[in-house]
Amino acid sequence: MEKVVVCNENGLHIRPASMIAQCANRFQSKIELEANGHCVDARAIFDILLLAATKGTSVTITATGVDHREAVCAMAAVFREGFPYEQIPEKLA
C-alpha cells in the first residue's frame, strides 16, 4: 500500500486515467485505488474517473497478488511523474 497525491493541474481526467489503467494492466495483481471514500479497480478507466480526484487529492494504491510490490511501486511512479504528457512544449505555447 502506498499513498500518493494527484499533482497535475487537471486532476485525474481521461488521459491520466488511461495511463494508470495501462500501467495496472502490466501486472497480474489486483490493483485498487481509493480516494474520496471510493475504492476502484485500477484497470478500469471509467472507474478511475469516478474517483473525481482533483489536484491535491490523496490516493491510496493497494495491490494483492504475486507481483503486488512491483505493481504498487510502478503505479506510485505514474502519479509522482505528474502525467508529463499534459505539459505543453514551449514551442507550441
Side-chain angles (χ1 to χ4, degrees):
M1 177 175 77
E2 186 166 341
K3 288 191 177 198
V4 293
V5 175
V6 177
C7 59
N8 61 314
E9 279 301 316
N10 298 316
L12 297 184
H13 55 86
I14 194 72
R15 288 183 193 142
S18 175
M19 195 173 185
I20 290 165
Q22 286 175 6
C23 180
N25 279 310
R26 296 188 342 226
F27 299 95
Q28 294 178 16
S29 293
K30 178 181 179 180
I31 306 167
E32 295 180 321
L33 305 175
E34 187 275 322
N36 298 322
H38 300 285
C39 187
V40 300
D41 181 350
R43 288 179 172 83
I45 294 171
F46 292 111
D47 289 354
I48 295 167
L49 294 174
L50 291 175
L51 292 175
T54 58
K55 183 178 181 179
T57 300
S58 178
V59 177
T60 302
I61 305 165
T62 57
T64 54
V66 295
D67 54 0
H68 67 278
R69 287 186 185 99
E70 296 88 353
V72 169
C73 287
M75 295 294 292
V78 170
F79 278 87
R80 279 193 300 274
E81 290 170 6
F83 311 101
Y85 60 85
E86 292 187 346
Q87 309 281 329
I88 299 172
E90 289 183 28
K91 292 186 256 179
L92 301 176

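The figures that follow rest on heavy atoms only: side chains count, while hydrogens, waters and symmetry mates do not.
- When every heavy atom of Ile48 is checked against every heavy atom of Ala42, the shortest pair comes out as CD1-O, 3.4 Å.
- Counting heavy atoms of neighbouring residues, nucleotides and ligands inside a 6.0 Å radius, atom CD of Gln28 does not exceed 12 of them.
- Applying the ring-ring contact (aromatic ring centres under 6.0 Å, His included) test to residues at least two apart or on different chains, none of the pairs has a partner in residues 31-63.
- Here the closest heavy-atom approach between residue Leu49 and residue Leu12 is recorded as CD2-O, 3.5 Å.
- Pairs of residues two or more places apart, or lying in two chains, that qualify as salt bridge (Lys or Arg N to Asp or Glu O under 4.0 Å) and include a residue from residues 48-61 are Glu9-Lys55.
- Looking at Met75 and Ile20, their side chains come closer than 4.5 Å, going by heavy atoms from C-beta outward.
- Taken from CD in Gln22 to CD1 in Ile45, the straight-line distance is 7.0 Å, to the nearest 0.5 Å.
- Listed by first and then second residue, the salt bridge (Lys or Arg N to Asp or Glu O under 4.0 Å) pairs involving residues 64-73 amount to none (not counting sequence neighbours).
- Applying the salt bridge (Lys or Arg N to Asp or Glu O under 4.0 Å) rule to pairs touching residues 18-32 yields Lys30-Glu32, sequence neighbours excluded.
- Of all heavy-atom pairs spanning Ser29 and Val66, the tightest one is OG-N, 3.6 Å.
- Legend: residues meeting side-chain contact (heavy atoms from CB on, under 4.5 Å) with Ala71, ordered by chain and number and at least two apart, are Phe27, Ile31, Ala63.
- Here the rule is side-chain contact (heavy atoms from CB on, under 4.5 Å) with Phe79, and of Val59, Val5, Asn8 only Val59 fits it.
- Closest of all the heavy-atom pairs between Pro16 and Gly11 is CG-O, 3.6 Å.
- Closest approach of Asn36 and Ala52 over heavy atoms only: ND2-O, 3.3 Å.
- Annotation: side chain of Leu33 is not in contact with side chain of Thr60 (no heavy-atom distance under 4.5 Å).
- Proximity of Thr62 to Glu34: side-chain heavy atoms (C-beta onward) are nowhere separated by under 4.5 Å.
- Between Cys39 atom SG and Leu51 atom CG the span is 8.5 Å, to the nearest 0.5 Å.
- Sequence neighbours left out, not one pair with a member in residues 35-45 passes salt bridge (Lys or Arg N to Asp or Glu O under 4.0 Å).
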